[in-house]
Amino acid sequence: MTTKNTITIKQYTLLTALSVTAFSGWAQGNTATGNKDEMVVTASRFKQPVSTVLAPADVVTRDDIDRWQVKSLNEVMRRLPGVDIAQFGGVGQGSSMYIRGTEARHVLILVDGIPLARTGIVNSVNLDQIPISLVQRVEYIRGPRSAVYGSGAIGGVINVITQTDQEGAQINAGIGSKGYQQYDGSVRQRFGDTLATLAGGYQTSNGYNIKPDSPNPIDNDRDGFRNKNFWAGLEHQFSQEISGFVRGYGYTNSTDYDVGSIPYLPEYSGDKERLYNHTYDAGLRYASGAYSSQLIGSYQKYKDYNFSSQYGRYGVATTLDNMDQRNVQWGNTYSFESGTLSAGLDWQQQRLTSSSQTIADTYKRDNTGLYLSGQQKIGNVTLEAAGRGDKDEQFGWHETWQTAAGWEFVPDYRVTVSYGTGFLAPSLGQQYGSQRFDIISNSDLKPEESRQWEAGLEGVTGPLDWRLSAYHNKIENLIDYSFDNSTFKGHYYNVNSATIKGVEWTGNLTTGIFTHGVTLQYIDPRNDMNNEVLARRSKQQAKYQLDWTMFNLDMDVSYQYYGKRYDNSTSAYSSTQRELSSYSTVDVSAGYPVTSHLTVRGRIANLFDKEYETAYGYKTAGREYYLTGSYNF
């Protein structure tokens, strides 16, 4: 099943040309940018102020999460530009996230810079599986980043950061609607040159009936969610130049869901999921003068059980995806007078056993990636470039690249233009087939590929900090599924392409004690084969956020509007697209420091109790109330 390939002249030419361009640019050296705003690492894999990133970028801090009183990462991301989420239930339930109209599988999810394993055959990640109590920071980059990270980064990159340097201890307790409860705590203490961290949490909700119209009587119940999690880590400064860390975290998620129909065999009656995750990371960092280097090793272990409440966890309907993912990352950064160059190597190995009670499929895949990225400022012009080659055990070498330029034509106003390519490798089940699901392998299956152009104009006009972006994304070799009624076998294959055009405007404004954030978006995502609008994407979005503090009372109001969307694509089973209505929601939260140690926060989600669906047949939660107390030591 493995194809042996050697690196081609074309690949050498790409990497060599990029190296020469980057080094020659830095040789011209100029004055430093002098920006002192928030630092990010996700955009180019080196630390830089967020204002110097030419791609649209957002940062969410732990303080934001606490102020908003969100209960999941989906709720965090829904507030940000370009994000549309189809939710299949409440907290902890399944969901699909669409970044700028791309497929749910086209966003790369990182945890502390390490790609989150994709266990399912559909090749996407449910962001809600990550407990919100572990999240200290989120960095979000829109647009292709495969030239920096490899497979998956077509629509954007989300980096969930669980580490913080803030010392102290905190405990939190919360209650809410539908039996919601939350308890978590953390301790961070420095002992000389060592920082020790220990954290843990528990979250539960009784939920509600997510498919009330299901004909299956078993579905006529509440669909709840429970999570237990832990986090432990040590960081040590061995010398002025060398530091190291070791950390481990894990969580157990128990989720109830609905079958949605009456199964014709007991094997298809699964309505419960139990997910176990354990992740262990260790790394060494070296920094001396302009040069820094980091070596990280990571091990992720997933066990994802799906089973039936009728037949039990080890009954006839039980399935298990048992996955190990190993990652090694070696990154090197060299800072010049007015630029930075980063280069490194990534290695990843995935091992998956996907089994039912009678059949098991076993897979293994290795991937090695080499990347080079850099940024250079020459006068009022900022240049970015990145290139990467990935060697996959199955389909050999795949190259991606991107470039961008920004010109500050007058003070505080900048125009940007960028072009980038991206790709997504097939999932293990898509590539190698699955006996469990009667899916045969396809040796000709190719990665999905994208090409995106983007132009932007940004500036600071009085108190208003704004950005206007227009983009055109062409995605080819889209992977689809076909079933043969004569053989009762299915297979995945490359079939068509999609084109996504969009315009996005974001603005931030401070007026007195009030801080305003606005996002306006229009996208036109279409299937090139039949010109249909891609399913579950709203063409229009409007988001408004208002924050203020008065008499020590912190207030937050969030308004979100989503235009109508189609729930499905046409097929042999459906000749028309089903339309879902537009909707808008308002959330309100407040926080008050009762003492210097104790803060009480409350939130009303969906204040006006709007009824709507983001996926046909799946009920949303309605109005919900939450109350939380936080005590700092």
Side-chain angles (χ1 to χ4, degrees), residues 41-42 59-77 91-93 95 97 108-117 119 125-140 157-174 180-189 195-205 225-235 245-255 274-283 296 298-304 325 327 601 626 628 630-632:
V41 297
T42 307
V59 176
V60 178
T61 66
R62 184 69 221 185
D63 288 341
D64 294 326
I65 293 172
D66 291 338
R67 184 173 66 254
W68 299 343
Q69 281 296 285
V70 290
K71 305 306 176 187
S72 68
L73 268 170
N74 272 351
E75 292 184 356
V76 172
M77 295 305 302
V91 174
Q93 304 289 335
S95 62
M97 180 183 300
L108 179 64
I109 309 295
L110 309 174
V111 177
D112 297 318
I114 305 295
L116 195 63
T119 58
V125 172
N126 181 12
L127 192 65
D128 251 8
Q129 69 176 263
I130 304 172
I132 193 68
S133 64
L134 296 183
V135 180
Q136 302 301 320
R137 178 184 174 92
V138 178
E139 296 183 4
Y140 166 49
V157 177
I158 300 169
N159 189 9
V160 179
I161 298 170
T162 65
Q163 176 64 34
T164 180
D165 294 330
Q166 184 174 350
E167 296 181 43
Q170 183 182 72
I171 57 174
N172 304 290
Y180 179 86
Q181 297 179 59
Q182 170 195 347
Y183 309 97
D184 61 77
S186 63
V187 178
R188 294 179 181 87
Q189 184 67 45
L195 176 65
T197 304
L198 185 65
Y202 174 78
Q203 184 183 36
T204 183
S205 172
F225 172 74
R226 290 153 297 282
N227 165 267
K228 295 181 288 185
N229 61 79
F230 74 90
W231 199 104
L234 292 172
E235 289 200 37
F245 69 89
V246 59
R247 61 190 173 219
Y249 65 87
Y251 48 85
T252 300
N253 293 340
S254 299
T255 306
R274 185 73 58 85
L275 173 67
Y276 300 92
N277 163 268
H278 296 279
T279 299
Y280 306 96
D281 303 330
I296 296 178
S298 173
Y299 173 76
Q300 299 178 44
K301 177 69 174 180
Y302 284 85
K303 285 189 174 183
D304 189 2
Q325 179 171 293
N327 288 82
R601 298 182 175 93
Y626 299 98
T628 304
S630 301
Y631 192 88
N632 295 296

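What you see below is based on every heavy atom in this structure, not just the backbone, and it leaves out hydrogens, waters and symmetry mates.
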Inset, instruction - Would you sort out whether L127 and S95 count as a side chain to side chain contact (heavy atoms under 4.5 Å, CB included), showing the intermediate values? - result: CA-CA 8 Å; L127 192 65; S95 62; 5.9 Å; no

Legend entry - Euclidean distance, I109 CD1 relative to I130 CD1, rounded to 0.5 Å: 7.0 Å

Inset, instruction - Could you tell me which non-hydrogen atom of D112 sits nearest to which non-hydrogen atom of I161, and how far apart they are? - result: OD1-CA, 3.3 Å

Legend entry - Test item: N229 and Y249 side chains (from C-beta on) under 4.5 Å apart, heavy atoms: no

Inset, instruction - Under the side chain to side chain contact (heavy atoms under 4.5 Å, CB included) rule, collect the residues that match up with Q182, sequence neighbours excluded. - result: K71, Y180, D184

Legend entry - Atom pair NE2 (H278) and OH (Y276), whose distance is rounded to the nearest 0.5 Å: 8.5 Å

Legend entry - Distance-minimising heavy-atom pair for L73 and D128: N-OD1, 3.6 Å

Legend entry - Distance, nearest 0.5 Å, that separates OH of Y251 from CG of L134: 8.5 Å

Inset, instruction - Side-chain contact test, heavy atoms from C-beta onward, threshold under 4.5 Å: evaluate it for E139 versus V157 and give yes or no. - result: no

Legend entry - Smallest separation among heavy atoms of G248 and F230, with atom names: O-CE1, 3.8 Å

Legend entry - side chain to side chain contact (heavy atoms under 4.5 Å, CB included) between R137 and V60, intermediate numbers included: CA-CA 6 Å; R137 178 184 174 92; V60 178; over 6 Å; no

Legend entry - Distance-minimising heavy-atom pair for L108 and P115: CD1-CB, 4.3 Å

Inset, instruction - Kindly compute the distance separating CZ (R601) from CH2 (W68), expressed to the nearest 0.5 Å. - result: 13.5 Å

Inset, instruction - Might you work through the side chain to side chain donor-acceptor pair (under 3.5 Å) test for Q129 and N253, ending with a clear yes or no? - result: CA-CA 7 Å; Q129 69 176 263; N253 293 340; 5.9 Å; no

Inset, instruction - State whether R67 and D63 are salt-bridged, where the test is any N-O pair (Lys NZ or Arg NE/NH1/NH2 against Asp/Glu carboxylate O) under 4.0 Å. - result: no

Inset, instruction - Enter the distance from L110:CG to N159:CG here, rounded to the nearest 0.5 Å. - result: 4.5 Å

Inset, instruction - Just do the side chain to side chain contact (heavy atoms under 4.5 Å, CB included) check on T252 and R226 with the steps written out, would you? - result: CA-CA 8 Å; T252 300; R226 290 153 297 282; over 6 Å; no

Inset, instruction - Show the numbers, then the answer: is there a side chain to side chain donor-acceptor pair (under 3.5 Å) between S630 and N172? - result: CA-CA 4 Å; S630 301; N172 304 290; 2.6 Å; yes

Inset, instruction - Show your reasoning for whether side chain to side chain contact (heavy atoms under 4.5 Å, CB included) applies to M97 and I158. - result: CA-CA 11 Å; M97 180 183 300; I158 300 169; 3.6 Å; yes

Legend entry - L275 side chain near T255 side chain, heavy-atom distance below 4.5 Å: no

Legend entry - Heavy-atom side-chain proximity of N327 to Q300 below 4.5 angstrom: yes

Inset, instruction - Output yes when a side-chain donor or acceptor of R62 lies under 3.5 Å from a complementary backbone atom of V135, and no otherwise. - result: yes

Inset, instruction - Please indicate whether K301 has more than 12 foreign heavy atoms, meaning atoms of other residues, nucleotides or ligands, lying under 6.0 Å from its NZ. - result: yes

Legend entry - Sub-4.5 Å side-chain heavy-atom contact between Y302 and Q325: no

Inset, instruction - State, with a plain yes or no, whether a side-chain heavy atom of T204 is found less than 4.5 Å away from one of N227. - result: no

Legend entry - Side-chain heavy-atom pair D64, D66 within 4.5 angstrom cut-off: no

Legend entry - Non-hydrogen side-chain atoms of D165 and Q136 separated by less than 4.5 Å: no

Legend entry - Euclidean distance, Q93 CD relative to S72 OG, rounded to 0.5 Å: 11.0 Å

Inset, instruction - Could you verify whether a donor N or O on one side chain and an acceptor N or O on the other, from T279 and D281, lie under 3.5 Å apart? - result: no

Inset, instruction - Check the side chains of Q69 and T628 for a donor-acceptor pair under 3.5 angstrom, ignoring hydrogens and angles. - result: yes

Inset, instruction - Classify the side-chain pair T197/W231 by whether it contains a donor and acceptor separated by less than 3.5 Å. - result: no

